Amino acid sequence: MRGKIIKGIGGFYYIATDTGIIETKAKGIFRLGGITPTIGDDVLIEMDSDGTGMISEIFPRKNKMIRPPVANVDQILVVSSIDQPMINPWLIDKIILLAFHNEITPKICINKIDLDIESAKKYKEEYTKSGFDVFLCSTFTGEGIDELKDHMVGLTTALAGPSGVGKSSIINIMAEVDFETGIVSDKTKRGKHTTRHVEMIKYGSDSYILDTPGFSSLELDFIEDASEIKSLYPEFVKNSSKCKFMNCNHYKEPGCEIKKLVELEEIPQFRYDNYISFYDSIMDRRKY
Ligand SMILES: Nc1nc2c(ncn2[C@@H]2O[C@H](COP(=O)(O)OP(=O)(O)OP(=O)(O)O)[C@@H](O)[C@H]2O)c(=O)[nH]1
Ligand SMILES: [Mg+2]
Ligand SMILES: [Zn+2]
């Protein structure tokens, strides 16, 4: 029987199949040639004579992320609230780097638009300019949810973003489940990291959604060389052939097309500023 690993707890893997979820024992996985079963893996399972299931084969992976450990993700939905907690483009841009670094398409969801639709629209405009799909939604009013749903059908979507932005609330609506959601503290306007484990949920006939524990910070330690960052900015890649220097880092070089486009407001200033800050932080790392 074919299925997908959606959860692993205490020596068991749970496999979503066409006929429901089947519990399989982790024992015997040495047969799989040293590959550790990972959430998101497409697998074949066999039923043992004692009635327990066993993974007998893991199909080749399309990709695999390290944190959270999950395979075969089609897209990363970077979730941010417009307010409470306040939108943080610096963190959004870092998660975008993580997605592209793993060769996974990032899309952006700005939630809680019931709190401030005007600012949300401004960010949508900016990120759209940079080439991203941006969804504005509110799990309170239901606005934008159908459009988002349309972009998730038949795909595996991982939600990523800081605590308290509404990731679990979105999953509860999409997958019609009832995950625990947290209260955003009045004082700090931050979430409380309500969701702490990684689990994939199957919904509809062939769609999967994954709640990743909220990360409020993200180290760029997965990037080894500062010059990689420019290749993870789609709006830079698209326009860099017009830079005077072929290996332009869009930093201090003269005749830089990217800097020109920032001045013309065709590339958002904040995206560029974040780029410089990421670039500097990686160059600084080398000094120690
Ligand atoms: N105003 C408003 N509040 C929302 C909306 N969506 C979710 N919330 C609230 O925001 C709080 C946090 O939502 P969660 O879904 O728990 O956030 P999360 O991203 O899963 O947080 P962690 O699990 O901590 O990472 C809850 O009190 C929700 O009720 C929305 O569209 N508008
Ligand atoms: Mg949550
Ligand atoms: Zn340049």
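In each ligand, atom 1 is the first atom listed, and ligand 1 is the first ligand listed. Computed from a predicted structure; not experimentally measured.
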Practice problem: Output, in order, the C-alpha distance, side-chain angles, deciding distance and verdict of side chain to side chain donor-acceptor pair (under 3.5 Å) for Asn239 and Tyr233. | Solution: CA-CA 10 Å; Asn239 294 294; Tyr233 265 68; over 6 Å; no
Practice problem: Please state which part of Asn172 comes within less than 4.0 Å of ligand 1, counting heavy atoms only: side chain, backbone, both or neither. | Solution: neither
Quiz item: Any donor-acceptor pair under 3.5 Å linking the side chain of Thr38 with the backbone of Thr36?
Solution: yes
Quiz item: Is there a side-chain contact between Tyr127 and Asp93 (heavy atoms, below 4.5 Å)?
Solution: yes
Quiz prompt | Thr24, Val43, Leu44 screened by side-chain contact (heavy atoms from CB on, under 4.5 Å) with Ser56, the one that passes | solution = Leu44
Quiz item: Hey, looking at atom 1 (N) of ligand 1, which of Asp114, Leu159, Ile82 has the closest heavy atom?
Solution: Asp114
Practice problem: Check the angle between the aromatic planes of Tyr275 and Phe236 and answer parallel, tilted or perpendicular using the 30° and 60° thresholds. | Solution: perpendicular
Quiz prompt | N/O donor-acceptor pair under 3.5 Å between Lys129 side chain and Glu265 backbone | solution = yes
Quiz item: With a cut-off of 2.8 Å, does any N, O or S atom of Ser168 fall short of it relative to the Mg ion (ligand 2)?
Solution: yes
Exercise. With heavy atoms only and a cut-off of under 4.0 Å, state how Leu115 meets ligand 1: side chain, backbone, both or neither.
Key: side chain
Quiz item: Pick from Arg2, Lys4, Lys7, Arg61: which one makes a salt bridge (Lys or Arg N to Asp or Glu O under 4.0 Å) with Asp41?
Solution: Arg61
Quiz prompt | Gln269, CD: over 12 other non-hydrogen atoms inside 6.0 angstrom | solution = yes
Quiz item: Would you say Asp211 has any N or O atom under 3.5 Å from an N or O of ligand 1, going by distance alone?
Solution: no
Quiz item: With atoms numbered from 1 as shown, which atoms in ligand 1 lie under 4.0 angstrom from a non-hydrogen atom of Ser138?
Solution: 31 (O)
Exercise. May I ask which of Ser169, Gly161, Pro85 has a heavy atom nearer to atom 14 (P) of ligand 1 than the others do?
Key: Ser169
Practice problem: Give the name of the N/O/S atom in His250 that lies closest to the Zn ion (ligand 3). | Solution: ND1
Quiz item: Can an N or O of Gly164 be found at a distance shorter than 3.5 Å from an N or O of ligand 1?
Solution: yes
Practice problem: Give the numbers and elements of all ligand 1 atoms closer than 4.0 Å to a heavy atom of Asn111. | Solution: 5 (C), 6 (N), 31 (O)
Practice problem: Using a strict 4.0 Å cut-off to heavy atoms of Ser168, name the atoms of ligand 1 that fall inside it. | Solution: 15 (O), 18 (P), 20 (O)
Self-check item: Angle at the Zn ion (ligand 3) (to 10°), with one arm to SG of Cys248 and the other to SG of Cys243
Solution: 110°
